[in-house]
Amino acid sequence: GHAHWGYEGAGGPSHWGDLDAASKVCSVGSQQSPIDIDHTIRAELSPLDIKWGPDVAAIVNNGHTIQVNVPAGSTLTLDGKSYTLLQYHFHRPSEHTVGGKAFPMEVHFVHRNDAGGLAVVGVLMTEGAGNAAFSQVVAAMPQHEGPPVPVSGSWPWKNASAPGMDPNAFLPKGRGYYRYTGSLTTPPCSETVEWLLMAEPVEVAAADVAAFAKLYAMNARPVQKLNRRFVLRGG
Ligand code: B30
Ligand code: ZN
């Protein structure tokens, strides 16, 4: 169900808690996302253990973002637990802010473990040198809401002939990251997410940001209260 919520007016973020019982946490939760990254605590965080394959399965315009579905086999290991990469998608402007400042865009890599817990790797996107993978997403993104469209260069990776929208290409060179416990940034805002936000942004072409903005000018939830949480910084 995609029709009943959005980013402005009666279906906007301040009304998400009224959508249904499951979404009540959007308004009453105490561990909501996104947040402003302000005060952080230096910690001995392990380097992110990301093992993503280069290719993708399908791309979809789901009515609130452009999402790239990923074939099985890409993983993230966190606290000794294995998470599978399901999809990645984009927000404009960024949902997380740093010192009160938003970035032009943010990409979220959504992983799930066997117990249903989620780990989302977020990467802030800034305008600069082009990123070939993001250019490919922009070139392939469906202009209207609809079913997933297969993308060439998909599973099995070894047979990929076309250059894929390699998710690894969205990772910045510097591997420092922030970690905190939070939620889905869209309804039902479930507080089941380990957030891993890369500290360094990745550069993408301004023209590609503009092309995305023609479809989704604003699909970012406002920042939420930190409450009793702490943001760790490490990697
Ligand atoms: S995020 O990374 O916190 N922005 C979901 C995953 C990650 C984030 C937000 C939401 C998610 O899995 N939501 C439930 C599934 N969606 C499905 C969908 O593909 O498109 C259901 C829905 O909204 O009600 Cu539309
Ligand atoms: Zn997201």
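Residue numbers run from 1 in the order of the sequence given. Both ligands and their constituent atoms are indexed starting at 1 by order of listing.
Applying the 4.0 Å criterion to heavy atoms of His91 picks out, from ligand 1, the atoms 4 (N). For ligand 1, the atoms closer than 4.0 angstrom to any heavy atom of Thr186 are 9 (C), 10 (C). Near His108, the atoms of ligand 1 lying under 4.0 angstrom from a non-hydrogen atom of the residue are 1 (S), 2 (O), 4 (N). Atom numbering of ligand 1 starts at 1 in the shown order; those under 4.0 Å from a heavy atom of Gln67 are 19 (O). Of all atoms in ligand 1, listed by their number and element, those nearer than 4.0 Å to a heavy atom of Val110 are 2 (O), 7 (C).
Nearest heavy-atom pair, Pro34 versus Tyr180, reported as atom, atom and distance to 0.1 Å: CA-OH, 3.9 Å.
Expressed to the nearest 10°, the angle at the Zn ion (ligand 2) joining ND1 in His108 with NE2 in His91 is 100°.
Distances from atom 25 (Cu) of ligand 1 to each N, O or S atom of His64 single out NE2 as the nearest.
Dense packing is recorded around CZ of Arg42, with more than 12 heavy atoms of other residues, nucleotides or ligands lying under 6.0 Å away.
Using bins of under 30°, 30° to 60° and over 60° for the plane-to-plane angle, the ring pair His89/His91 lands in the perpendicular bin. Note on ring orientation: taking the six-membered ring where Trp is involved, the planes of His108 and Trp195 are perpendicular (angle over 60°, cut-offs 30° and 60°). Using cut-offs of 30° and 60° for the angle between ring planes, the Phe134 and Phe170 rings count as perpendicular.
Looking at ligand 1, you won't find any N or O of Trp195 less than 3.5 Å from one of its N or O atoms. Distances between N or O atoms of Trp5 and those of ligand 1 include no value under 3.5 Å.
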Please lay out, stage by stage, how Val231 and Leu226 fare under the test side chain to side chain contact (heavy atoms under 4.5 Å, CB included). CA-CA 9 Å; Val231 179; Leu226 190 58; 4.1 Å; yes
Using the side chain to side chain contact (heavy atoms under 4.5 Å, CB included) rule, take His64 and Asn219 through it: C-alpha gap first, then chi angles, then the decisive distance, then the call. CA-CA 7 Å; His64 31 253; Asn219 65 347; 5.6 Å; no
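The shortest distance between side-chain heavy atoms of Ile59 and Met141 falls below 4.5 Å.
Across Val60, Leu184, Thr65, Asn219, heavy-atom proximity to atom 5 (C) of ligand 1 is greatest for Leu184. Taking only non-hydrogen atoms, the option from His89, His4, His111 nearest to atom 2 (O) of ligand 1 is His89.
At a 4.0 Å cut-off, not a single heavy atom of Arg221 sits close enough to ligand 1 to count as contact.
When non-hydrogen atoms are compared, ligand 1 lies under 4.0 Å from the side chain of Asn62 (C-beta onward) but not from its backbone.
With a 6.0 Å cutoff to the six-membered ring centre and a 45° limit on the axis angle, Lys101 counts as a cation-pi contact of Phe103.
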